[in-house]
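Have a look at the structure below before the remarks.
Numbered from 1 within each chain, the chains take letters A, B, ... in sequence-line order.
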Amino acid sequence: MSEATEKPRERYDAALADDIETKWQAAWKAAGTYHTPNPAGSLTEGPTDGPADLASRPKLFIMDMFPYPSGSGLHVGHPLGYISTDVYARFKRMTGHNVLHTMGYDAFGLPAEEHARQTGVHPRENTEANIANMSRQLARLGLGHDDRRAIATTDEAYYRWTQWIFNQIFNAWFDEDQQKARPISELEAEFADGTRATPDGRPWADLSTSEQRAALHEYRLAYVSEAPVNWCPGLGTVLANEEVTAEGRSDRGNFPVFRRPLKQWMMRITAYADRLLDDLDLLDWTDSIKTMQRNWIGRSEGAHVDFRVPTAADATGEVATIQVFTTRPDTLFGATYMVLAPEHELVDHLVTDAWPEGTKDAWNGGAATPADAVAAYRHTTSQKSDLDRQENKTKTGVFTGSYAVNPVNDESIPVFIADYVLMGYGTGAIMAVPGQDERDWEFAEAFGLDIIRTVQPSADFVGVENGGEGKAYIGDGPAINSGFLDGMEVAEAKSAMIEHLEETGAGEGTVTTKLRDWLFARQRYWGEPIPILFDADGNPLSVPDSELPVNLPELIDWAPRTLDEDSEPEPPLGRATEWTTVELDLGDGTETFKRDLNVMPQWAGSCWYYLRYIDPESDDVVADPTSEKYWMGGEDADAGGVDLYVGGVEHAVLHLLYSRFWHKVLYDLGHVTTKEPFKRLINQGYIQAYAFKDDRGIYVEAADVTETADGYEFDGQSVAREYGKMGKSLKNAVTPDDMYEQYGADTLRLYEMFMGPIDQDRPWETKSVVGSQRLLQRIWRNLVDEDSGELTVSDDAASDALHRVLHRTIDAVRTDMDALSFNTSIARITELNNELTKLDGPTPREVADPLVRMISPLVPHVAEELWQRLGNDTSVVYADFPTADPALLVDDEIEIPVQIKGKVRSRITVAADADDATLEAAALADERIQELLDGAEIRKVIVVSGRLVNIIA
RNA sequence: GCGGACGUGGCGGAACUGGCAGACGCGCCAGGUUUAGGUCCUGGUGCCCGAAAGGGCAUGGGGGUUCGAUUCCCCCCGUCCGCACCA
């Protein structure tokens, strides 16, 4: 770029912005400008250049979902949320709040381990390098974070407390009566004093230490369970369900995943299902996120019903009983067959030696015996991927040979296995009511089973009755063919049936959730070691808090191995042979313990980081109680929580649900004062960008594409435009560093905030950034002479009109900033500045001063520079945000539109406080209106005070 | 299939609890500064008819409520997101 010789010395361009930005970033750092004082404990020091009374001001706790420190650095899409929270935080600092805002790193996780496997670089080394790079990029944005509070989940000082929380959970049980977690010691006391019976009824003292440990283990909120897990040999690890795609492959790397039984750490999140559901009502979150959480929890009310199978015996020799869950107990009279999931444990007992009399051809799967049919069917099912099962909704299944007895009418009904019944939901078995269930109807048709309607379909229902196709009727209506229920509406029939079942002992009302307990263990290296020791009998015991943290052993050969399909799960920590055993006295004499070899999932560190932001230094407590109560707003447990939490919608369910769960346990145990961690949540939108493909279908560098009359061109070739996520793969990434170089950080901030509302996706357009730079240039030029660098601000009073514009702007900007509506704030500031540009003279100080204050949350560096040039010697960061004078918001005279039949035809100027009669008279007297009415009869006149007049002629 | 969000100029987007649709910006057009281009400055810019005055049409489509609808209600179309044989 050739330098124009006459370019003004002090034009606000990228070079000047760079000078200003780096200068003030250094100054803020030196002064600790963003140091937020705690009310007690550590970090009670505030900024040296801020007000002394900060800690006694009302608090505001603002958070971003902290990032994983990726090796590829940032693009302009990443900081969108961070800028939003920064602007809001700065605005709130100027309205008298003590604002806590910082940033950390969610730094454990598989990518560093994968990278390490490829390069041999230790995950810690790689992670720290990535954090350093990302911190540099973020710091250049001028985010007002209290860097004393920055944490990384990989810090030993941090994960010590992650492990401590694990121990809290492990050493707690859920008291169903009180619906809350209590220390396990209280359970032990109940066993000891006989309040609660031991599992086998013997006195507690008669149990051996090992038996006692085993008994307590059954109750713990974190427990070991032998459960089928998703073993992924390609990654050498077990994956959580959410990390497995619908195709049955790993989310990361797309390796095949196999179901294997394994001893796993589980967290009893299901105990909290009701509270996690109910307390959503306390939260200021969007309906869509709340709905997603509700769906994920999937609470449904219904009944358990027991069906006896007289011909079959269960494992204990008892007559087998199949328990089903149903949300429609009212339809029990219509249950004409039963279905078990193929994996159901009772299936083996139900399979008969030979096909009984009456077995239809369709039922036997072409096999000679039920055992053969079941085995073959199970095999076929296990071969099917989840995707197959989804796409092919044709009902399949086979008869087990057994008949169950319907408890309400003693009818004998056949028992099938079919893969449309899932082991993972309810009891893994259903009573099939084809008359009232689509799926059961399809199965019944395919297998020639009886269909009995037990609800009278409504008149408009198009089923067989009304000459239509066969169909289940799901709607409301009176019960029919249902004995004592006949005539009752669905809801009434449901409760009547539940009452009947409970009286006869055939079942009971119950609640089921889709939510499963949380599989918490990972067979990896780069995570928090689970602080558990196993005694000689294999009972798990927590490492004493005084021995925390359990540090990761240093491994040379630490990487997960890629294993073959038949492999057994193998945790990498098992290779640190010296580390795996430890001698310790846990109060029962010195024992030799084996360490748990699993690490925690990545969710763990992010479950509670808000607490450590509050108090990152305390050694003896997870967070200082006074500071915790202050920052979380714990005076009112219902209303408390982080005041604003901003992050991506991809964390709508898991992170937020896990975090809420941990928080509730900590609340029950008295470590935190609020019921919920995050009071208000906003999902910021994503920045997307255009991408371009050539005719071979290969992406070309988007930055080098030019727009032509009829399309787009790259290197002389026409290319096709697409739209999608910004990133390397689409070759459309724009980095913050590019923007700093071309425009400066303030312009980038301003542009990102101007693009649209915070929660909306939006397309990035580098060519539009210039608009934001122009605004800053014009503001600068209105205050500073570009050639001399002198201030062009006068002490003369502003005109009355300007005064009014100023105060209207202040009023609007205050409201909009408070509503996080930064795009409209910027629009109003632009309008004010356009007025200043038109002035054709120096800017009155009484406008310049509030203008600089108003822009400072958005563009802190240039605002601080102008603030200083205006003669201030304290930082604008803690200056008061301007307040509008209400008297200047109302005009003496206003112009209002006059409509004829709803269409604006003229305008009249009237006194602002004119009454309706005056308005009507003025409107009717208006020349243009008279002309248009032309003597027509006026039927009605609607006057909206201060708004408009509408004449109906 | 079920659930949620949304649909406004060439583009990003404004419009409070129903009251002047299109604020602000990008782009585009015209003019100024400049040797020229760019930068920068000033003005214009929803669409259609019209020289203008003015008029007509416009918030995905259709209907409704209302003096008045981007806003409220019903139906349809489309886009995005979540869940998915959940008993």
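Annotation: A/F443 is in aromatic contact with A/F416 [ring centroid separation under 6.0 Å]. Aromatic rings of A/F754 and A/F822 (six-membered ring for Trp) have centroids beyond the 6.0 Å cut-off, not under it. Under the 6.0 Å cut-off for aromatic ring centres, A/Y686 and A/W764 do not qualify, their centroids lying 6.0 Å or more apart.
The same atom, P, is picked in B/U65 and in B/U71; the two are 15 Å apart, to the nearest Å. Distance check on atom P: B/U66 versus B/C29 gives 49 Å, rounded to whole Å. B/G43 and B/G7 are spaced 34 Å apart, taking the C1' atom of each and rounding to whole Å. The same atom, P, is picked in B/C73 and in B/G18; the two are 11 Å apart, to the nearest Å. Rounded to the nearest Å, the gap between the P atom of B/C26 and that of B/C41 is 10 Å. As rounded to the nearest Å, B/C24 and B/A5 have P atoms that lie 32 Å from one another. Separating the C1' atom of B/C49 from that of B/U35 is a span of 44 Å, rounded to the nearest Å. Between the P atoms of B/C80 and B/C85, the separation comes to 22 Å (whole Å).
Following rounding to the nearest Å, A/I896 (CD1) and B/C20 (P) show an atom-to-atom distance of 12 Å. Summarising the geometry, the separation between CG on A/L16 and P on B/U39 is reported as 20 Å, rounded to the nearest angstrom. Atom CD of A/E650 is separated from atom P of B/G4 by 22 Å (rounded to the nearest Å). Atom CG of A/N683 and atom P of B/C6 are 13 Å apart (whole Å). Distance A/R907 CZ to B/C20 C1': 5 Å, rounded to the nearest Å. The separation between A/K471 atom NZ and B/G1 atom C1' is 13 Å, rounded to whole Å. Nucleotide B/C26 holds its C1' atom 15 Å from the CZ atom of A/R762, rounded to whole Å. Here the C1' atom of nucleotide B/C24 and the CG atom of A/L858 are 14 Å apart, to the nearest Å.
Nearest nucleotide to the A/T327 side chain, out of B/G19, B/G55, B/A87: B/A87. Set against B/C83, B/C26, B/A87, the side chain of A/F325 has B/A87 as its closest nucleotide. For A/R11, the listed nucleotide lying nearest its side chain is B/U39; candidates were B/U39, B/C85, B/C24. Comparing B/A87, B/C85, B/G4 against the side chain of A/S300 picks out B/A87 as the nearest. If you check B/G55, B/C86, B/G82 against the side chain of A/R905, the one that comes closest is B/G55. Relative to the side chain of A/I952, the nucleotides B/A87, B/C67, B/A23 differ in distance, and B/C67 lies closest. Comparing B/A14, B/C40, B/G25 by their nearest atom to the side chain of A/T824 picks out B/A14. Distances were taken from every side-chain heavy atom of A/N295 (C-beta onward) to each of B/C26, B/G12, B/G3; the shortest belongs to B/G3.
Not a single donor-acceptor contact under 3.5 angstrom links the side-chain atoms of A/K514 to the base of B/C83. A donor-acceptor contact under 3.5 Å is formed by the side chain of A/R947 with the base of B/C16.
If A/P757 and A/D437 are placed on RNA chain B by their nearest nucleotide, the residue sitting closer to the 5' end is A/P757. Both A/G298 and A/L948 lie close to RNA chain B; mapped to their nearest nucleotides by heavy-atom distance, the more 5′-ward contact belongs to A/L948.
Using a 4.0 Å heavy-atom cutoff across all strands shown, A/N834 reaches sugar-phosphate atoms only and no base atom. Contacts of A/T815 with the nucleic acid, taken as non-hydrogen atoms under 4.0 Å apart, are absent. At the heavy-atom level, A/E438 lies nowhere under 4.0 Å from the strands shown. Residue A/R299 is classed as having no contact, given no heavy-atom separation below 4.0 Å to the nucleic acid. If you check every strand for non-hydrogen atoms under 4.0 Å, A/I942 touches a base. If you check every strand for non-hydrogen atoms under 4.0 Å, A/D287 touches nothing. Nucleic acid contact for A/R781: sugar-phosphate only, since backbone atoms but no base atoms lie under 4.0 Å from a heavy atom of the residue. Among the heavy atoms of the strands lying under 4.0 Å from A/Q760 are primed sugar atoms or P, OP1, OP2 only; no base atom is included. Nucleic acid contact for A/R774: sugar-phosphate only, since backbone atoms but no base atoms lie under 4.0 Å from a heavy atom of the residue.
Both distances falling under 3.5 Å, in either a Watson-Crick or a G-U wobble arrangement, occur for no nucleotide opposite B/A69. Nucleotide B/G1 has B/C83 as its partner under the Watson-Crick or G-U criteria, with both atom distances under 3.5 Å. Pairing partner, B/C11: B/G25, with both Watson-Crick or wobble hydrogen-bond distances short of 3.5 Å. In this structure, B/C20 forms no base pair with any nucleotide, since neither Watson-Crick nor G-U wobble geometry is met with both distances under 3.5 Å. In this entry B/G37 has no Watson-Crick or G-U wobble partner, no candidate having both defining distances under 3.5 Å. As the counterpart of B/A53, no nucleotide is assigned, since no Watson-Crick or G-U wobble pattern has both distances under 3.5 Å.
Judged purely by distance below 3.5 Å, without hydrogens or angles, the side chains of A/D785 and A/S788 pair a donor atom with an acceptor atom.
Dashed line: the shortest gap from a side-chain N or O of A/R778 to OP1 or OP2 of B/C40 is not under 4.0 Å. Note on A/N823: a side-chain N or O is less than 4.0 Å away from OP1 or OP2 of B/A14.
Stacking of A/R660 on the aromatic ring of A/W285 is recorded, both the 6.0 Å distance cut-off and the 45° axial limit being met. Cation-pi check for A/R439 over A/Y420 is not met; the charged atom does not lie both under 6.0 angstrom from the ring centroid and within 45 degrees of its normal.
A/D761 contributes no side-chain N or O that, together with a main-chain N or O of A/G685, makes up a donor-acceptor pair within less than 3.5 Å.
B/G25 shows a glycosidic angle more than 90° from 0 and is accordingly assigned anti.
Taking 4.5 Å as the limit, some side-chain heavy atom of A/T747 sits within range of a side-chain heavy atom of A/Y12.
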Practice prompt. Walk me through it: do A/L832 and A/M854 pass the test side-chain contact (heavy atoms from CB on, under 4.5 Å)?
Written response: CA-CA 11 Å; A/L832 173 63; A/M854 281 192 286; 3.9 Å; yes

